[in-house]
2 protein chains.
Amino acid sequence: MATIVEVAKRARASTGTVSNVIRGAVRVSPGLRARVEAAIRDLDFHPNEIARSLKVNQTYMLGMVLPDITNPFFPQVLRGAEDKALERGFLLVAANTDEQMERERRIVSALRSRRVDGILLVPTRGKDVDHIRRARESGIPIVCLDRVPAGMKIDAVMLDNVRGAQECVRHLIRTGYRSIAIITGPLELGVARERLRGYEAGLREAGIEVSKELILEGDFRENSGYRLAKELLLRLARPSAILVSNGVMALGVLQAFEELGVRCPEDVAIANFDDIAGDRSFHPQLTVVSQPGYEIGARGATLLMDRIEGKATKKPSVVRMAPTLIVRESTRARVSPGRTSLVRNPGSVSEKGHPQFLRKE
Amino acid sequence: MATIVEVAKRARASTGTVSNVIRGAVRVSPGLRARVEAAIRDLDFHPNEIARSLKVNQTYMLGMVLPDITNPFFPQVLRGAEDKALERGFLLVAANTDEQMERERRIVSALRSRRVDGILLVPTRGKDVDHIRRARESGIPIVCLDRVPAGMKIDAVMLDNVRGAQECVRHLIRTGYRSIAIITGPLELGVARERLRGYEAGLREAGIEVSKELILEGDFRENSGYRLAKELLLRLARPSAILVSNGVMALGVLQAFEELGVRCPEDVAIANFDDIAGDRSFHPQLTVVSQPGYEIGARGATLLMDRIEGKATKKPSVVRMAPTLIVRESTRARVSPGRTSLVRNPGSVSEKGHPQFLRKE
DNA sequence: AAACACTATTGAATCGCTTCAAAGTCATCG
DNA sequence: CGATGACTTTGAAGCGATTCAATAGTGTTT
């Protein structure tokens with residue numbers, strides 16, 4: 001692949017001039033500029049960004065570290081980040097941690113070696129955050145997405161989880177449900193605790209007392225949803241609704257419903273975080289607290305690049321994104337068992353549902 | 001961030017020795033090695049991979065260019081590629097083209113500038129493949145995934161589309177369907193043509209003649225599925241089954257069914273490419289030709305890295321991956337309208353379906 | 001024509017590694 | 001004891017850009 005020296009030679013110019021033409025910062029006379037541009041075209045010259053990076057100490061690459069791109073929430077985050085990055089000339093190095101600390105450590109280390117200009121990180125659970133601390137000390141800006149590492153003051157863009165859960169509970173109560181259970185995520189995770197907090201707040205504001213019995217701790221994986229839902233459904237006193245703290249567990253919950261022949265929402269209602277199947281063919285259509293994945297990624301990338309370019313305030317900023325409650329049939333009102341209209345929530349959280357088509361039964 | 005010179009100074013060694021310790025290629029006496037390692041630890045030294053890349057002319061980065069990571073097929077491909085890449089010390093630079101040629105060109109150019117060692121490419125449709133040709137001429141290995149650019153001899157890993165469609169049609173016929181329509185992808189795309197070819201072969205081998213009326217050309221997007229399905233369903237002579245050439249269009253097809261009150265599979269059966277919702281809550285559960293996304297990514301990455309390391313045969317190799325036919329309820333046999341068991345296909349293509357739970361109706 | 005003020009262009013030094021010829025060490029042997 | 005040979009270790013050159021002090025070129029003014 002051609003180098004700047006070859007281009008310079010062919011254009012009868014110096015390497016400095018070629019560089020000036022490429023970067024466009026310094027004025028170059030039209031004639032020379034034309035010669036250089038011709039040479040670049042003729043040689044299909046692509047400036048060696050590696051050499052440039054070494055010299056200017058900037059790579060225009062961002063690391064994107066996430067648990068598993070296969071989880072449908074993260075592609076959106078990635079897209080949001082990438083679109084913003086591309087606009088400003090950055091490329092994304094993406095890597096999956098599989099929620100394994102060791103893998104996260106290796107990846108962060110590799111990214112540091114490769115001198116990415118900054119890292120977008122969805123931290124793995126665990127209190128071992130030393131590699132993150134060290135990376136920051138070395139001067140790499142890091143913006144956390146969706147979660148924050150245990151006990152760390154750091155830039156982050158995340159969902160307003162408390163609000164999401166609270167609005168959801170509020171909707172359930174208004175729709176007529178009172179005995180509402182929650183399947184939480186692992187409570188060592190901030191997200192999980194926040195959602196629980198919102199759930200409790202939602203109950204309290206309606207004057208319903210929070211019962212330990214109705215709080216079951218899951219681990220954000222399908223199987224725990226399945227297991228805990230089964231436990232709930234087999235009780236003598238079944239709750240009338242279940243709030244599930246993420247989408248994957250909701251799948252497990254649905255399976256439990258099927259196996260036990262429990263109908264949703266006729267017997268027990270379901271609402272969950274994450275819009276796991278935002279199309280009309282999912283059955284039953286789930287009422288969900290949806291996260292604006294794209295925006296989270298976009299905001300995160302923007303914040304990160306601002307930091308890189310030094311044009312952001314000094315202290316860590318935590319951005320809380322508004323959740324969207326999407327009301328669908330899994331929390332239909334029980335009062336009139338016939339065809340029902342959506343219960344509209346006039347609160348600040350917007351609601352939108354796909355049009356409800358007639359279902360043949 | 002510390003450099004190798006600082007490490008050398010602190011360890012009272014030369015830069016050459018430090019390099020030897022890091023790379024482990026040359027023997028270093030235990031004492032010195034220990035000093036160097038201590039210095040590395042103390043300084044939290046991460047060798048500047050950029051400088052190394054410049055010198056050794058290798059970056060250990062692979063480009064991964066795909067249309068849209070938001071399409072649930074691609075995250076799997078990415079994972080497959082990443083896992084293999086990480087094993088061999090490579091990182092992935094991921095970028096989405098949104099099926100826009102211009103964006104693909106920009107991305108490929110950016111990747112070349114950044115001197116990635118190779119590119120995994122899901123090419124955008126279109127006959128303008130000059131940037132790909134030039135990239136290859138410049139010496140960058142490229143492996144195409146899922147598709148191949150128009151009229152190009154190039155390494156590729158893709159689905160055996162003909163076989164997938166053929167096996168699917170065979171299954172439909174065996175289950176009792178005869179009047180089978182197909183909604184194809186854009187026929188300028190090889191994938192789309194191959195699936196059509198398989199469909200035709202499947203009909204012919206059963207002695208059913210191929211009718212132009214039953215072949216509708218879509219564009220792989222949801223709306224075309226919707227539109228074409230509607231057209232089919234409103235005909236006087238409805239087909240009894242529809243083969244949909246990808247998952248996104250299938251969503252549109254389902255919407256048409258709902259709107260027109262057509263039941264699946266009672267009125268018309270559906271089968272499609274891509275396992276868009278591989279869980280039990282999708283309604284109706286779709287019979288699909290599933291692509292091994294993870295394996296496609298993994299094989300692609302392996303092939304690419306073999307090329308990079310020069311340990312692959314010279315001529316372009318096209319790997320065809322076997323599709324998996326997953327039989328679910330959208331193609332249930334119509335013979336006995338009551339509860340039916342799955343029709344098992346003893347052919348070479350494996351079938352697996354999720355257990356069928358009782359559906360309350 | 002000389003002096004001056006610009007602007008345009010040049011080219012050597014530099015970024016942080018790797019590499020390899022050359023120099024240094026050390027035990028062994030004649 | 002000096003020579004030999006087998007390892008170790010050193011340090012300068014070079015990868016391909018950018019940058020900036022120095023130089024060349026151009027036009028204006030006196």
Side-chain angles (χ1 to χ4, degrees), chain A residues 1-37 39-40 43-61 89 109-110 112-117 138-140, chain B residues 1-37 39-40 43-61 89 109-110 112-117 138-140:
Chain A
M1 200 168 278
T3 75
I4 205 171
V5 178
E6 298 168 54
V7 173
K9 206 164 288 169
R10 180 176 244 265
R12 282 168 292 126
S14 72
T15 61
T17 299
V18 176
S19 178
N20 288 336
V21 169
I22 299 170
R23 296 304 150 200
V26 179
R27 284 190 54 75
V28 174
S29 66
L32 229 199
R33 148 163 276 123
R35 289 213 312 276
V36 171
E37 278 166 351
I40 290 178
L43 297 174
D44 193 19
F45 171 67
H46 286 239
N48 188 330
E49 199 67 30
I50 295 296
R52 170 172 157 78
S53 293
L54 179 59
K55 180 68 196 186
V56 305
N57 205 27
Q58 209 194 139
T59 56
Y60 285 94
M61 301 219 289
S109 171
R112 283 183 65 182
S113 275
R114 257 154 265 224
R115 298 295 190 268
V116 295
D117 295 332
S138 83
I140 292 197
Chain B
M1 202 167 277
T3 74
I4 206 173
V5 178
E6 299 168 51
V7 173
K9 206 163 289 170
R10 182 177 243 267
R12 282 168 291 126
S14 72
T15 61
T17 299
V18 175
S19 177
N20 288 336
V21 169
I22 298 170
R23 298 302 149 203
V26 179
R27 284 191 53 74
V28 173
S29 66
L32 228 200
R33 147 165 274 124
R35 289 212 314 274
V36 170
E37 278 167 350
I40 289 178
L43 297 173
D44 192 21
F45 170 68
H46 286 239
N48 188 327
E49 199 68 30
I50 295 296
R52 172 172 154 80
S53 292
L54 179 59
K55 180 69 197 184
V56 305
N57 206 26
Q58 201 183 155
T59 56
Y60 286 96
M61 303 220 286
S109 170
R112 283 183 65 182
S113 274
R114 259 156 263 225
R115 297 295 189 268
V116 295
D117 295 332
S138 82
I140 279 207

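Letters go in sequence order (proteins before strands), and every chain restarts at 1.
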Most 5' of B:Val28 and A:Met1 on DNA chain D, judged by nearest nucleotide: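 Whichever sits nearer the 5' end wins; that is B:Val28.
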In chain order, what residues pass the side-chain hydrogen bond (donor to acceptor under 3.5 Å, both in side chains) check against [X], with sequence neighbours excluded?
X	result
A:Arg10	A:Asp42
B:Thr59	B:Asp117
A:Asp44	A:His46, B:Arg112, B:Arg134

To the nearest angstrom, how far is A:Ile4 atom CD1 from D:dC15 atom C1'? 14 Å
Only counting residues at least two apart or in another chain, list the ones meeting salt bridge (Lys or Arg N to Asp or Glu O under 4.0 Å) with B:Glu37. B:Arg33
Knowing that exactly one of A:Val18, A:Val21, A:Ile22 qualifies, which makes a side-chain contact (heavy atoms from CB on, under 4.5 Å) with A:Val7?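 Only one of A:Val18, A:Val21, A:Ile22 forms a side-chain contact (heavy atoms from CB on, under 4.5 Å) with A:Val7, namely A:Val18.
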Tabulate protein N/O versus nucleotide N/O from nucleotides 4-7 of chain D, keeping only pairs under 3.5 Å, one per line.
none

Determine which pairs satisfy side chain to side chain donor-acceptor pair (under 3.5 Å) with at least one residue from residues 11-20 of chain A, sequence neighbours left out, and list them in order. A:Ser14-A:Thr17
Qualifying side chain to side chain donor-acceptor pair (under 3.5 Å) pairs, either residue in residues 47-56 of chain B, two or more places apart: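 Every side chain to side chain donor-acceptor pair (under 3.5 Å) pair that includes a residue of residues 47-56 of chain B, provided the two are not neighbours, is B:Glu49-B:Arg52.
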Quick one: CZ on B:Arg35 to CD1 on B:Ile40, what's the gap to the nearest 0.5 Å? 12.5 Å
With rounding to the nearest 0.5 Å, note down the distance linking CD1 in A:Ile50 to CD1 in B:Ile50. 4.5 Å
I'd like to know whether A:Gln58 forms a side-chain contact (heavy atoms from CB on, under 4.5 Å) with A:Arg115, so could you lay out the CA-CA distance, the side-chain angles of the two residues, the decisive distance to 0.1 Å, and finally the verdict. CA-CA 8 Å; A:Gln58 209 194 139; A:Arg115 298 295 190 268; over 6 Å; no
For the residue pair B:Ala11 and B:Val36, what are the closest heavy atoms and their distance?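 B:Ala11 and B:Val36 have their closest heavy atoms at CB-CA, 3.8 Å.
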Tell me the closest heavy-atom pair linking B:Pro47 and B:Arg23, and the distance in Å. CB-NH2, 4.1 Å
Which angle, rounded to 10°, do you find between the first-five-pair axis and the last-five-pair axis of the helix from C:dA1-D:dT30 to C:dG30-D:dC1?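 Taking five pairs per end, the axes differ by 70°.
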Please list, for nucleotides 10-12 of chain D, all pairs of protein and nucleotide N/O atoms separated by less than 3.5 Å.
{"from": "D:dT10", "atom 1": "OP2", "to": "B:Ser14", "atom 2": "N", "distance (Å)": "2.9"}
{"from": "D:dT10", "atom 1": "OP2", "to": "B:Ser14", "atom 2": "OG", "distance (Å)": "3.2"}
{"from": "D:dT10", "atom 1": "OP2", "to": "B:Thr17", "atom 2": "OG1", "distance (Å)": "2.7"}

Nt span of DNA chain C in reach of chain B heavy atoms at under 4.0 Å, 5' end first, is C:dG16 to C:dT19
Just to be sure I understand the geometry, which residues of residues 43-60 of chain B put a non-hydrogen atom under 4.0 Å away from DNA chain D? B:Leu54, B:Lys55
Quick one: list whatever passes ring pair (Phe, Tyr, Trp, His ring centres under 6.0 Å) with A:Phe45, sequence neighbours left out. none
